[in-house]
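Comments concern the structure below.
Owing to the predicted nature of the structure, the values given are computational and were not obtained by experimental measurement.
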Amino acid sequence: MTAYTMLRNGGVGNGGQPWVLRWSSRIRLTWLSFTLFIILVFFPLIAHYYLTTIDDADDAGKRIFGPRTGNELCEVKHVQDLCRIRESVSEELLQLEAKRQELNSEIAKLNLKIEACKKSIENAKQDLLQLKNVISQTEHSYKELMAQNQPKLSLPIRLLPDKDDVTLPLPKSNRNCRLHNCFDYSRCPLTSGFPVYVYNSDDYPFGSSLDPLIKQAFEATVRTNVYVTENANIACVYIILVGEMQEPIMPKPTELEQQLHSLPYWRTDGHNHLIISLSRKSETQNFIYNISTGRAMIAQSTFYDVQYRPGFDIVVSPLVHAMSEPNFLEIPPQVPVKRKYLFSFQGEKIESLRSSLQEVRSFEEEIEGNAPADYDDRIITTLKAVQDSKLDFVLVEFTCKNQPKASLPTEWALCGERDDRLELLKLSTFALIITPGDTHLVISAGCAMRLFEALEVGAIPVVLGEQVQLPYNDVIRWNEAALIIPKPRITEVHFLLRSISDNDLLAMRRQGRFLWETYFSTSDNVFSTVLAIIRTRIQIPAAPIREETAVEIPHRSGKAAGTDPNMADNGDLDLGPVETEPPYASPKYLRNFTLTAMDIYRNWNSAPGPFHLFPYTPFDPVLPSEAKFLGSGTGFRPIGGGAGGSGKEFQAALGGNVPREQFTVVMLTYEREEVLMNSLERLNGLPYLNKVVVVWNSPKLPSEDLLWPDIGVPIMVVRTEKNSLNNRFLPWDEIETEAILSIDDDAHLRHDEIMFGFRVWREARDRIVGFPGRYHAWDIPHQSWLYNSNYSCELSMVLTGAAFFHKYYAYLYSYVMPQAIRDMVDEYINCEDIAMNFLVSHLTRKPPIKVTSRWTFRCPGCPQALSHDDSHFHERHKCINFFVKVYGYMPLLYTQFRVDSVLFKTRLPHDKTKCFKFI
């Protein structure tokens, strides 16, 4: 009810007083609430304002509620005690903090000292281990030396002979001259190096009569020979060229004799002189026959028995290719073995002891004792009978269609031109060579020319007449390349030729091709062979082979090589002991001065194939250009007792028959620095690694800021003269080990794979041992050879992008292998690996060895290589077919042989011994 209603009802009365009371009470409550509101709201605001204005006063003493200093608070006694306690505690805390920091610094210093001590202990352990290894090596070398009972000797002081030698008494006749009574050994000490002085023929009158081509070829050969010296006072042998002479201006025998005796170093009897007469034509005359040569040796293609002195004079081959290299593309292949004609002969005898076309005695008359005056009559009759029998295709002609070449009496003259004769020999399996009817003529230029042409085109020579002295007959085993049959056996020749198997025919043809290439084909070969014969006779070792001088590219190293996680996975093969010894070079070959006195005949003739490669003593005295390996320390050394076997754990033995050995990595690269650095880092920690030779094949030098990795062994960066893949196989002088691991800069190989390949190579040192296998195939539709890289159950090549081989083959590849092959490699910038496989298979007649199941290696992220080019395989097809033409046959051999660990994929406890097996 509102107040208005209450007033309307009378305001006062029975209900008025309560209403007034209620109204007054409401007013008091309202004022009370308002007062409380004022006190609770405005008073704190006013107080806050007042306090803030008071504290902002400038005079600090007027502050009422502001903060006060410690001194003011400490005026009170108990507060002062508390302050002193606080200050004491603070000071103690500061002292404790200082001590803690000091102790921490001392602990850090002690930790550094502990680390340094640990490093010193590790270094001391390494030094101790190296010292133990050195002591062990020294003891081993001492034991080997004592076992040999051969102390090392220093070379004797070389004695120079007097300019005027003491005149020695001549033998009873010049025919009795031999080395022991006509040669002065005092001029040729073992350590002399076999110096040879060559007279300049132009300084003497007879020089104008020499054949210009022969003289030019001879002079070019002399300029490049390693034995020729210009100091005549120290020479061992003196050489003078006297033929071939041109007939119109040929001097008289007496004039030539006087000119020879007037040579400045003739010394009355011509001892230690060699008179060379080279023949370029079959009609060369023996004009030295009537000349007194004293004690001088004679080397020519024509000799009579009264003139030839065995073991003293030398029968040389004719010099057909005087100023030109043979064209291998024109030489017929060695296969097929059988050719159109079983044998062939063309010739005409101008003079004979009895006319060959007249009366011929019967076989019965000869049996009765009436021997014919000339066996040539029987030869003509028999050969014509064989031709008429039609049993085999043979071609014999005893009358020339054109004018025959001039010849000596009783000698069979050559018919036609050289090209025509070669075309006939290319169709002949055998080539008959009938020696002169005069038995006193032991060899003639015509017979030597027939022999040269037969060997050149692969026709097996059949020499009728056992009295003949073939070229270099005292050092070459001719029965391996030719048939020498006595003339009385002419009736058995046909049967004998038909009975020879194809394998024997091919072996004889290959050996004949080797003899022709090595000793006959060029003027360099002829001259080097003559010098080698004399040097071997007087037992002087050959000069060491030339090595390629490595021109090092300066580079900075020091970058710590990282560890590739892929390299840490060594599969199932334990790497064996990691060597801590410094790089160890292969021992030098020590038989230099005894080899020429021992097994001379075997070294010259017992080689299984061309280049006279002999697995344990390959240093035959005559390689082209006298490129011998004696003293170079890179030959196949005779191997003795091995280390290992039963009772010796595999982890403690490297395998093979050489007690200890290391290998050199040769890596070819071309402007791929990042790829190269990664490959070098992967070699870090590789056991038995001697050094790394990086062949820098680019004319652009590496970046100056390039930091090379430190892999624990020397890295030699070699600069090349030109960009050539043949540089991969140069015999660098920095390679001091027999074993070479040729590897591409993008090849990924684990350490266990490399070690396994090295172990296998040590047991097959004469072969290529590697990882990626390839093979060749015959393309029937195109009748040519193909290169194939597909997966196959057989192989015939191992790529040298990841393969071990002997340094011996680097010499042969660079100095002995035909230059045409190296030119092909440079032309295509390809095929150097195929060329090396051809060479080794050609020498050993063995296929390479593939290790592990790896067929290829890929480099993820590497720049594109040459092998990715579309023309890569087409070029390799061409290379194989060209190489076959150069060698004359296909030397590559197939094999299904692969080498794996005997415990390959076999799980065994770690304490079990591991070894190999061959599957």
Discussion item. Taking the basic N atoms (NZ, or NE/NH1/NH2) and the acidic carboxylate oxygens, is any pair closer than 4.0 Å for K215 and D202?
Written reply: yes

Worksheet item: Are V493 and F343 close enough that some pair of their side-chain heavy atoms sits under 4.5 Å apart?
Response: no

Practice prompt. Look at the aromatic rings of Y238 and Y265 and report parallel, tilted or perpendicular, splitting at 30° and 60°.
Written response: parallel

Worksheet item: Which heavy atom of R295 sits nearest a heavy atom of F312, and at what distance?
Response: O-CZ, 3.2 Å

Which pairs of donor and acceptor atoms, one on a side chain in residues 448-459, lie under 3.5 Å apart (sequence neighbours left out)?
{"unit_1": "R450", "atom_1": "NH1", "unit_2": "Q346", "atom_2": "O", "d": "2.9"}
{"unit_1": "R450", "atom_1": "NH2", "unit_2": "Q346", "atom_2": "O", "d": "2.9"}
{"unit_1": "R450", "atom_1": "NH2", "unit_2": "A413", "atom_2": "O", "d": "3.1"}
{"unit_1": "E453", "atom_1": "OE1", "unit_2": "R421", "atom_2": "NE", "d": "3.1"}
{"unit_1": "E453", "atom_1": "OE2", "unit_2": "R421", "atom_2": "NE", "d": "3.3"}
{"unit_1": "E453", "atom_1": "OE2", "unit_2": "R421", "atom_2": "NH2", "d": "2.7"}
{"unit_1": "E456", "atom_1": "OE1", "unit_2": "R418", "atom_2": "NH1", "d": "3.4"}
{"unit_1": "E456", "atom_1": "OE1", "unit_2": "R418", "atom_2": "NH2", "d": "2.8"}
{"unit_1": "E456", "atom_1": "OE2", "unit_2": "H321", "atom_2": "NE2", "d": "3.3"}
{"unit_1": "E456", "atom_1": "OE2", "unit_2": "R418", "atom_2": "NH2", "d": "3.0"}

Worksheet item: Which atom pair, heavy atoms only, marks the closest approach of L424 to S428?
Response: O-OG, 2.9 Å

Worksheet item: So does E423 pair up with K426, basic N to acidic O under 4.0 Å?
Response: yes

Discussion item. Tell me every residue that passes side-chain hydrogen bond (donor to acceptor under 3.5 Å, both in side chains) with N286, counting only those two or more places apart in sequence or in another chain.
Written reply: Q300, Q307

Worksheet entry | R187 side-chain N/O to N233 backbone N/O, donor-acceptor pair under 3.5 Å | yes

Worksheet item: If you look only at pairs with a residue in residues 206-246, which of them pass as a disulfide bond (SG atoms under 2.5 Å apart), with sequence neighbours excluded?
Response: C188-C236

Item to complete: Please list, chain by chain and in numerical order, all residues satisfying side chain to side chain contact (heavy atoms under 4.5 Å, CB included) with L263, sequence neighbours excluded.
Response: Y199, Y204, I240, L260, W266, H273

Side-chain donor-acceptor distances from residues 439-446 under 3.5 Å, at least two apart:
{"unit_1": "H440", "atom_1": "ND1", "unit_2": "D305", "atom_2": "OD2", "d": "2.8"}
{"unit_1": "S444", "atom_1": "OG", "unit_2": "E411", "atom_2": "OE2", "d": "2.6"}
{"unit_1": "S444", "atom_1": "OG", "unit_2": "C447", "atom_2": "N", "d": "3.3"}

Item to complete: Return yes if some donor-acceptor pair links the side-chain N/O of H261 with the main-chain N/O of S292 below 3.5 Å, else return no.
Response: yes

Item to complete: Return yes if some donor-acceptor pair links the side-chain N/O of S208 with the main-chain N/O of P205 below 3.5 Å, else return no.
Response: yes

Discussion item. With disulfide bond (SG atoms under 2.5 Å apart) as the rule and sequence neighbours excluded, what pairs involving residues 277-312 come up?
Written reply: none

